[in-house]
There are 2 protein chains.
Amino acid sequence: MRSYGQYCSVAKALDVVGDRWTLLIVRELLSRGPCRYTDLRSGLPGIATNLLADRLRELEAAGLVEREDAPPPIATTLFRLTERGAGLAPVIDALGRWGVPLMRDHRAEDAFRGQWLRLPVRMFLTDHEPDRPASSIQIHAGDQSVVIDADAGRVSLRLGADPDADATVTGSPPRILALLSGGLGLADAEEQGLRVAGSREAVLRVLPRTGNAIGDSAPAEGNVS
Amino acid sequence: MRSYGQYCSVAKALDVVGDRWTLLIVRELLSRGPCRYTDLRSGLPGIATNLLADRLRELEAAGLVEREDAPPPIATTLFRLTERGAGLAPVIDALGRWGVPLMRDHRAEDAFRGQWLRLPVRMFLTDHEPDRPASSIQIHAGDQSVVIDADAGRVSLRLGADPDADATVTGSPPRILALLSGGLGLADAEEQGLRVAGSREAVLRVLPRTGNAIGDSAPAEGNVS
DNA sequence: CAGTATCCAAAACGATACTG
DNA sequence: CAGTATCGTTTTGGATACTG
């Protein structure tokens with residue numbers, strides 16, 4: 001990116017991370033931790049492979065990312081954020097928070113990845129019953145599966161499926177997000193096509209008590225595979 | 001800007017404000033308040049006039065900016081942020097804060113504007129003696145003049161010159177910033193070519209007590225016009 | 001002052017094919 | 001898996017001229 005040529009820290013920051021895709025690569029590394037090239041590409045649907053390689057080189061040159069040749073169990077190179085790179089977390093958070101109202105307009109062709117729920121989980125969910133034993137909720141959002149754990153006051157997210165989860169929630173990404181953000185109550189969400197199985201308490205344990213107003217005006221949906 | 005096509009609030013936010021120049025326009029409107037077209041252009045050195053017009057249209061369409069036809073005293077149209085647009089302040093702040101370390105590399109061709117000191121002033125300065133009567137510091141940074149006021153615990157910045165200021169500080173933008181950020185003590189700054197006149201107390205009243213490390217390794221400079 | 005309109009060269013982007 | 005290489009398209013940047 002051509003420099004703005006302005007002696008202002010906002011402009012200087014954008015000189016480094018203002019390029020298209022750059023902040024999304026950082027988002028991906030922040031929410032997934034060290035990643036292989038392929039992991040990054042699958043977490044950044046739409047990016048051209050040469051652009052990803054370019055950006056990684058630039059990020060490395062700028063000292064935000066470093067590559068590491070992982071030993072045998074992985075046997076490939078990993079990309080990880082440096083401390084300086086991880087320092088962008090407040091920027092990603094601020095953008096993500098500002099972007100929340102935009103999640104109402106979901107377009108059919110929008111891609112979705114389970115790890116993108118990490119930010120809303122951190123933003124909206126809390127463990128309201130920290131003294132109860134750990135519980136977990138299996139989420140199936142579209143074709144993505146993640147598990148939300150509540151344990152001793154902390155709520156966290158991991159990718160994949162867990163057959164021992166206390167509850168299972170299935171629905172489209174917008175509906176799931178509406179539920180997590182408090183824009184839609186559990187009962188309303190079910191009425192709109194979201195399916196809940198197992199312990200409702202496990203779900204209510206972490207849902208926000210106050211609405212954040214995503215998706216409360218979305219139309220009802222049909223069956224969700 | 002082409003949409004990223006990702007159902008993620010960070011990506012959605014960047015769909016709206018990720019275009020080149022867009023966030024800098026927002027920065028300008030945040031730090032100057034409602035602006036005329038010409039004000040914006042002068043606060044965004046390097047932007048092409050058609051790009052500025054384009055971006056303003058886009059921002060207006062996205063509901064972040066609105067234009068207002070001001071009555072006689074001004075008799076021209078003003079551009080102002082909507083509430084939604086002003087909601088980007090945390091994004092600008094986060095970027096600006098992350099960019100602070102980059103201010104060490106000052107290039108001769110970098111442009112500078114007085115209003116760009118507003119963010120560092122908010123970030124670094126505090127009124128350490130809120131009970132004393134108001135005081136002010138005239139800053140001449142390169143060819144830009146601003147006044148920093150300390151009054152009843154609040155520090156603020158206004159553009160222009162004030163002959164009644166209690167102190168005057170003159171130097172290059174990097175040196176001024178080093179001083180304001182605490183990277184350089186008042187004495188050290190003077191040794192490096194920054195000139196201070198009038199009440200040093202007025203200056204010390206607002207300077208940070210702890211360093212923020214901008215410019216402490218910068219070479220000494222010669223005379224500053 | 002507040003733009004619009006054009007033009008052009010350069011850079012960025014996106015898609016795809018290919019490689020060690 | 002981790003990229004390169006190539007190529008066509010789109011977007012910018014920058015300059016300049018013009019308008020009400």
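Every heavy atom of this structure was used, including side-chain atoms; hydrogens, water molecules and symmetry mates were not.
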Task: Dot-bracket pairing map - DNA chain D, Watson-Crick plus G-U, both contacts under 3.5 Å, | cross-strand - done: ||||||||||||||||||||

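- At the phosphate of C:dT4, OP1 or OP2 sits under 4.0 Å from a side-chain N or O atom of B:Arg57.
- Rounding to whole angstrom units, CG of residue A:Asp54 and P of D:dA5 are separated by 11 Å.
- Following rounding to the nearest Å, A:Phe79 (CZ) and D:dA2 (C1') show an atom-to-atom distance of 8 Å.
- OP1 or OP2 of C:dA2 has not a single side-chain nitrogen or oxygen of B:Thr77 nearer than 4.0 Å.
- Evaluation of the salt bridge (Lys or Arg N to Asp or Glu O under 4.0 Å) test over residues 161-171 of chain A, restricted to residues two or more places apart or in two chains, returns A:Arg158-A:Asp162.
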What donor-acceptor contacts under 3.5 angstrom involve side-chain atoms of residues 45-56 of chain B, with partners at least two apart or in another chain?
from	atom 1	to	atom 2	distance (Å)
B:Thr49	OG1	B:Tyr37	OH	2.7
B:Asp54	OD1	B:Arg57	NH2	2.9
B:Arg55	NE	B:Arg20	O	2.8
B:Arg55	NH2	B:Arg20	O	3.3

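- Between A:Thr38 and D:dC1 there is a side-chain polar atom (N or O) within less than 4.0 angstrom of OP1 or OP2.
- Every residue was checked against the salt bridge (Lys or Arg N to Asp or Glu O under 4.0 Å) condition with A:Glu66, not counting sequence neighbours, and none meets it.
- Remark: A:Asp93 engages A:Arg122 in a salt bridge, criterion side-chain N to carboxylate O under 4.0 Å.
- Taking atom CZ on B:Arg41 and atom C1' on C:dC1, their separation rounds to 9 Å, with Å as the unit.
- No contact: A:Tyr4 has no heavy atom under 4.0 Å from any strand.
- Residue contacts for B:Asp39: at a heavy-atom cut-off of 4.0 Å it reaches no nucleic acid atom on any strand shown.
- In this structure, A:Leu40 atom CG and D:dA2 atom P are separated by 9 Å, rounded to whole Å.
- For B:Asp127, the salt bridge (Lys or Arg N to Asp or Glu O under 4.0 Å) partners two or more places apart in sequence, or in a different chain, are B:Arg205.
- For A:Arg97, the salt bridge (Lys or Arg N to Asp or Glu O under 4.0 Å) criterion is met by no residue, not counting sequence neighbours.
- For the pair B:Ile25 CD1 and C:dG3 C1', the computed distance is 14 Å after rounding to whole Å.
- Distance A:Leu52 CG to D:dC1 C1': 13 Å, rounded to the nearest Å.
- The salt bridge (Lys or Arg N to Asp or Glu O under 4.0 Å) search around A:Arg32 returns none, not counting sequence neighbours.
- For the pair A:Arg55 and C:dA12, the criterion of a side-chain N or O lying under 4.0 Å from OP1 or OP2 is not met.
- Each salt bridge (Lys or Arg N to Asp or Glu O under 4.0 Å) pair with one or both residues in residues 76-90 of chain A, not counting sequence neighbours, appears once here: A:Glu68-A:Arg80.
- Protein atom CG of B:Leu44 is 16 Å distant from nucleotide atom C1' of D:dT12, rounded to whole Å.
- A straight line from CG of A:Leu78 to C1' of D:dG3 spans 15 Å, rounded to a whole angstrom.
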Task: Base-contact (B) and sugar-phosphate-only (S) positions in nucleotides 14-20 of chain C, heavy-atom cut-off under 4.0 Å, - elsewhere - done: BBBB---

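- Ion pair A:Asp39/A:Arg36 flagged as a salt bridge, since at least one NZ, NE, NH1 or NH2 atom sits closer than 4.0 Å to an Asp/Glu carboxylate oxygen.
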